[in-house]
Protein chains: 2
Amino acid sequence: MKADSVHDFASIIRGRRHELGLTQAALADRAGVSRKWVHELEGGKPTAELGLVVRTLHALGLELDVRDPTSVPGDRQSVDLDEVLRRHGADG
Amino acid sequence: MKADSVHDFASIIRGRRHELGLTQAALADRAGVSRKWVHELEGGKPTAELGLVVRTLHALGLELDVRDPTSVPGDRQSVDLDEVLRRHGADG
DNA sequence: CTCCTTTGTCACCGATCGGTGACGTGCAGT
DNA sequence: ACTGCACGTCACCGATCGGTGACAAAGGAG
C-alpha cells in the first residue's frame with residue numbers, strides 16, 4: 001500500500017484500525033500515545049513524529065517499507081541518478 | 001526495504017543519499033529542510049516530522065509503503081485479528 | 001427518551017522541534 | 001602550508017508538538 005503523503009497514512013491507519021475493530025482509545029493505548037494524537041494522525045497531521053507513527057503502525061500489525069520505484073525487477077538493478085533527480089527536483 | 005525503526009530510516013536515507021552522490025546540504029535543499037535536520041534524521045531522530053520525512057524520501061526518489069506482513073500472497077487474504085493483536089500487544 | 005460508546009474538539013501547558021548562523025574537524029588537491 | 005568542501009556540532013529562538021482533562025455531537029440499544 002503506497003503512502004505518498006501524510007493523508008495516505010491517515011486513511012491507511014484509520015482503515016486498518018476499523019479492520020481490527022479497535023477504537024481510537026484502544027489504539028492509542030496500544031501505541032502508547034494519546035487519543036487526541038491518534039485523532040490528529042487520522043486527520044492527516046503532517047507534523048506527527050516519525051517514531052510515534054512507526055509505533056502506531058506496529059500496534060496495527062503493519063510494516064513500513066521504503067522502496068525505489070525505479071528499480072523494476074527484471075528491468076535493471078541500478079538507477080538513472082540524473083533521471084531520478086530530474087523527476088523529483090524541479091516539479092516532478 | 002523494511003523500515004522497522006527510525007534507525008532504519010536513518011541508514012536507508014543516508015545510503016540512498018550517497019548512492020545519488022548528494023551532500024546533506026543538497027538533499028536538504030531539495031527536500032526543503034535544513035542541513036541540520038538532515039543530519040539529525042540520518043542520526044535516527046525519532047521526533048522528525050512525518051511530513052518532512054516523506055518529502056525527504058521523495059527528494060531521494062524513494063517511495064513509502066505500508067504493508068501487512070501477515071498477508072502472504074497465495075496464502076490467504078485476510079488476517080487473524082486476534083493473532084495480530086496478540087503479537088503486537090504484549091511483547092511481540 | 002435514556003444510557004452508553006465512540007469520536008470530535010477545546011484550553012492549557014511544559015517540552016521540544018526545526019531554522020539560522022557560525023565554528024571546528026577531516027580529507028583531498030595543488 | 002593553503003584552499004575548498006562535506007560534515008558534525010553549538011547557542012539561540014519562535015512556533016508548535018503531544019498529553020491531560022473535560023465537554024458536546026453522533027450513533028445504536030432498550
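Values below: every heavy atom of this structure, side chains too, minus hydrogens, waters and symmetry copies. The sequence lines fix the lettering, A, B, ..., with proteins before strands; numbering per chain opens at 1.
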Check: Do the side chains of Asp4(B) and His58(A) get nearer than 4.5 Å, heavy atoms only?
Finding: yes
Check: For residues 43-58 of chain B, which residue pairs qualify under salt bridge (Lys or Arg N to Asp or Glu O under 4.0 Å), counting only residues two or more places apart or in two chains?
Finding: Glu40(B)-Lys45(B)
Next item on the list: State, yes or no, whether a side-chain contact exists between Leu50(A) and Thr47(B) at a heavy-atom distance under 4.5 Å.
Entry: no
Checklist line | Any donor-acceptor pair under 3.5 Å from Arg35(A) side chain to Ala28(A) backbone | finding: no
Margin query: Please determine whether a side-chain nitrogen or oxygen atom of Arg17(B) lies at a distance below 4.0 Å from atom OP1 or OP2 of dA6(D).
Written below: no
Notebook entry, point to check: Hey, are the side chains of Arg16(B) and Asp68(A) touching, using non-hydrogen atoms and a 4.5 Å cut-off?
Noted result: yes
Item checked: Sub-4.5 Å side-chain heavy-atom contact between Ile12(A) and Leu60(A) -> no
Check: With the threshold set at 4.0 Å, does a side-chain nitrogen-carboxylate oxygen contact exist between Asp65(B) and Arg67(B)?
Finding: no
Notebook entry, point to check: At under 4.0 Å, does any side-chain N or O of Gln24(A) touch on OP1 or OP2 of dT5(C)?
Noted result: no
Item checked: Nearest-angstrom distance from the residue atom CG of Leu22(A) to P of dT7(C) -> 10 Å
Check: So how far off straight is the helix from dC1(C)-dG30(D) to dT30(C)-dA1(D), going by the axes through five pairs at either end, to 10°?
Finding: 50°
Note to self: Less than 4.0 angstrom between a side-chain N/O of His39(B) and OP1 or OP2 of dC7(D), yes or no?
What the structure shows: no
Check: How close or far is atom P of dA6(D) from atom CZ of Arg14(B), stated in whole angstroms?
Finding: 14 Å
Check: How about Val53(A) and Val53(B): do any of their side-chain heavy atoms sit closer than 4.5 Å?
Finding: no
Checklist line | Under 4.0 Å protein heavy-atom contacts per nucleotide of nucleotides 16-21 of chain C, with B for base, S for backbone only and - for none | finding: -SBBB-
